[in-house]
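Worksheet: the structure to be examined is printed underneath.
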Amino acid sequence: MGGNLLANYGEAVAMILFGIGFSNLLLQKNLIKKIIGLNIMDTATYLFLAEKGYIAGRAAPIVVDNVTSVEAYINPVPSGLVLTGIVVSVSVTALMLSLTIRLYRRYHTLDMDEISTMLKKEDQ
Amino acid sequence: MSRLLSEQEYRKTKAFKVKRWYRGDKDPYIGRVELRPQKPFEEDVNTQKKRIHDEAILQRNIYDIEHNRKLMMFSKFYKVISVLFVFTLIGILLYMVSYLPPVGNAANPDNNEVATKYIEDAMKDTGAVNIVTGMILDYRAFDTLGESNVLFIATCTVLILLRVDSRSKKKEEEENDRLYEPKNDIILQKVAFFLVPMIIIFGIYVILNGHLSPGGGFSGGAIIGSGLILYVNAFGFQKIERFFTQRTYKWICFVALLFYCLAKTYSFYCGAHHLETGIPLGTPGDILSSGLILPLNICVGMVVACTMYAFYAMFRKGGF
């Protein structure tokens with residue numbers, strides 16, 4: 001065990017959130033709750049990236065008074081990555097929700113097990 | 001030097017075979033592959049009886065979820081295993097986190113020369129005060145074009161999945177649309193009357209100041225989209241269709257994405273060299289500065305605002 005767990009408490013919280021989202025994905029039967037779990041995992045990733053870019057005592061990367069030295073600002077690269085991630089997660093969530101609506105219109109249930117049972121029965 | 005082939009020699013070449021195959025004179029598989037028609041499916045009475053019996057057992061014992069003991073065992077087992085798996089995963093990740101360099105330390109390996117280059121040169125190169133905006137809309141503008149296209153394609157796919165086709169069903173859907181909520185809620189309408197213009201103006205402010213302050217096309221567009229959604233909730237689809245229909249959506253997205261493509265895909269054709277756009281960068285800190293970043297921000301903002309509203313409208317009544 002390394003010694004940085006307490007110093008990295010933000011990243012630790014991100015990992016725990018990731019685990020919570022993943023357990024939602026595994027244990028929930030409701031499709032909407034599964035999608036919520038996936039979104040929690042997304043959020044954990046953003047938190048992790050934001051923690052990686054942070055540098056103590058420095059300002060957000062917006063130039064003030066023409067100061068462009070490295071010592072003044074935090075790392076701007078993870079912020080850009082988080083922006084990309086948010087956009088993609090919005091699109092993926094919308095796609096999954098619309099697929100869920102289609103499934104609900106066809107089978108009149110959101111329960112994963114019931115849907116797969118009906119699918120098996122249809123196959124025969 | 002080319003020489004004339006005789007007819008006999010020409011018939012042996014591959015070119016002749018390809019030409020013959022292309023014209024359809026000869027099927028190359030005839031004579032090579034043995035073709036035999038499939039036997040018709042025959043079943044004697046006993047196997048048929050057995051099959052029907054088996055299927056009945058299958059229906060009764062396996063797909064009967066409430067009384068299937070094995071399935072119940074499996075679901076309990078599955079729950080225990082998945083909880084254990086998740087705890088192991090969290091444990092491994094926390095173990096990994098404990099070895100990561102401490103957060104907030106300037107000497108961490110991720111604060112390398114890339115970040116240094118962006119911080120030191122972004123304002124000089126792009127004219128944008130906000131370094132993140134300068135990064136994503138100038139240095140990496142091509143990636144952002146991909147992102148806007150991801151949003152557009154997601155809308156298209158949702159439209160394909162949720163579109164209501166026949167006209168009668170559409171009418172029915174529109175009638176059922178406000179079945180479970182009060183029509184013309186006076187409180188919501190009064191609140192929206194004051195709030196919607198402010199939300200939209202704030203969104204426009206965030207978009208226009210994308211290169212000066214936190215925010216930009218994506219966040220401003222999301223704000224404008226939420227304003228439109230509030231408007232729909234308060235006043236209904238008939239009011240919003242006076243100024244925002246599917247045609248408007250189509251044209252706004254088309255024009256914005258086309259402008260973005262034309263402004264930023266030149267690097268495709270000139271080998272990603274650093275090409276001068278000829279647009280002056282202006283004084284950093286002014287609204288009209290930083291070259292193409294402001295128009296690109298407006299394009300992205302319009303695409304995002306339309307996309308947010310389109311998602312809502314399609315989830316609610318399958319088209320707009």
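Reckoned from all heavy atoms, side chains included, excluding hydrogens, waters and symmetry mates.
- Between atom OG1 of residue A:T100 and atom CZ of residue B:F315 there is a gap of 8.0 Å, rounded to the nearest 0.5 Å.
- Rounding to the nearest 0.5 Å gives a distance of 9.0 Å between CD1 of B:I119 and CD of A:E71.
- Both the backbone and the side chain of B:V97 come within less than 4.5 Å of a heavy atom in chain A.
- Proximity to chain A involves both the backbone and the side chain of B:L94, based on heavy atoms less than 4.5 angstrom apart.
- Only the side chain of A:F18 has a heavy atom closer than 4.5 Å to any heavy atom of chain B.
- Taking each heavy atom of A:N4 and B:P102 in turn, the nearest pair found is ND2-CD, 3.6 Å.
- Shown here for B:E147 and A:L83, the closest heavy-atom pair between the two residues is OE1-O, 4.1 Å.
- In this structure, the portion of B:I160 lying under 4.5 Å from any heavy atom of chain A is its backbone and not its side chain.
- For B:L212, the part lying under 4.5 angstrom from a heavy atom of chain A is the backbone only.
- B:Y78 places a side-chain N or O within 3.5 Å of a backbone atom of A:L26 that can act as its donor or acceptor partner.
- Every salt bridge (charged side-chain N to carboxylate O under 4.0 Å, His left out) that B:K50 has, sequence neighbours left out, goes to B:D54.
- Considering all non-hydrogen atoms of both residues, B:V158 and A:S98 come closest at CG2-OG, 3.8 Å.
- Of the two parts of B:F85, only the side chain, counted from C-beta on, holds a non-hydrogen atom closer than 4.5 Å to a non-hydrogen atom of chain A.
- Interface remark: A:S69 contributes backbone atoms only to the contact with chain B (heavy atom separation under 4.5 Å).
- Counting non-hydrogen atoms of neighbouring residues, nucleotides and ligands closer than 6.0 angstrom, the NZ atom of B:K117 exceeds 12 such neighbours.
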Please walk me through it: do B:V114 and A:V77 pass side chain to side chain contact (heavy atoms under 4.5 Å, CB included)?
CA-CA 8 Å; B:V114 181; A:V77 181; 4.3 Å; yes
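- Highest contact tally toward chain B, considering only A:A7, A:A72, A:A12, is held by A:A12 [criterion: heavy-atom pairs under 4.5 Å].
- Looking at B:V83 and A:L27, their side chains come closer than 4.5 Å, going by heavy atoms from C-beta outward.
- B:M135 contributes atom CE, which lies 6.5 Å from atom CG of A:L81 (distance to the nearest 0.5 angstrom).
- Smallest separation of non-hydrogen atoms from A:V63 and B:M123: CG1-SD, 3.4 Å.
- For the pair A:F48 and B:L100, the minimum side-chain heavy-atom distance is below 4.5 Å.
- Looking at A:L97, both its backbone and its side chain come within 4.5 Å of chain B, counting heavy atoms on both sides.
- Atom CG of B:N108 sits about 6.0 Å away from atom NZ of A:K52, to the nearest 0.5 Å.
- In this structure, no portion of A:L6 lies under 4.5 Å from any heavy atom of chain B.
- Annotation: the span from B:L162 atom CG to A:R102 atom CZ amounts to 7.5 Å, rounded to 0.5 Å.
- Two residues are said to be in side-chain contact when any heavy atoms from C-beta on lie closer than 4.5 Å; B:P214 and A:I62 meet this criterion.
- Residue with the most contacts toward chain B among A:P78, A:G80, A:P76: A:P76 (heavy-atom pairs, distance under 4.5 Å).
- Scanning all heavy atoms of the two residues, the minimum distance from B:A106 to A:R58 falls at CB-NH2, 3.2 Å.
- When the candidates B:T144, B:N130, B:T133 are compared by the number of heavy-atom contacts under 4.5 Å with chain A, B:N130 comes out ahead.
- Between chain A and the options B:G104, B:S219, B:S82, B:A122, the largest number of non-hydrogen pairs under 4.5 Å is found for B:G104.
- With a 4.5 angstrom heavy-atom cutoff, B:S213 touches chain A only via backbone atoms.
- Contact count against chain B (heavy-atom pairs under 4.5 Å) is highest for A:T84 among A:T84, A:I16, A:V88, A:V90.
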Assess whether side chain to side chain contact (heavy atoms under 4.5 Å, CB included) is satisfied between B:L161 and A:I101, documenting all intermediate values.
CA-CA 9 Å; B:L161 285 169; A:I101 289 177; over 6 Å; no
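- A 6.0 Å sphere centred on CE of A:M112 holds no more than 12 heavy atoms belonging to other residues, nucleotides or ligands.
- Contact between B:V132 and A:P61 at its shortest, heavy atoms only, is CG2-CG, 3.7 Å.
- Between the CG atom of A:L95 and the CD1 atom of B:I153 there is a distance of 11.0 Å, given to the nearest 0.5 Å.
- The contact between B:L151 and chain A is made by backbone and side chain atoms together, counting heavy-atom distances below 4.5 Å.
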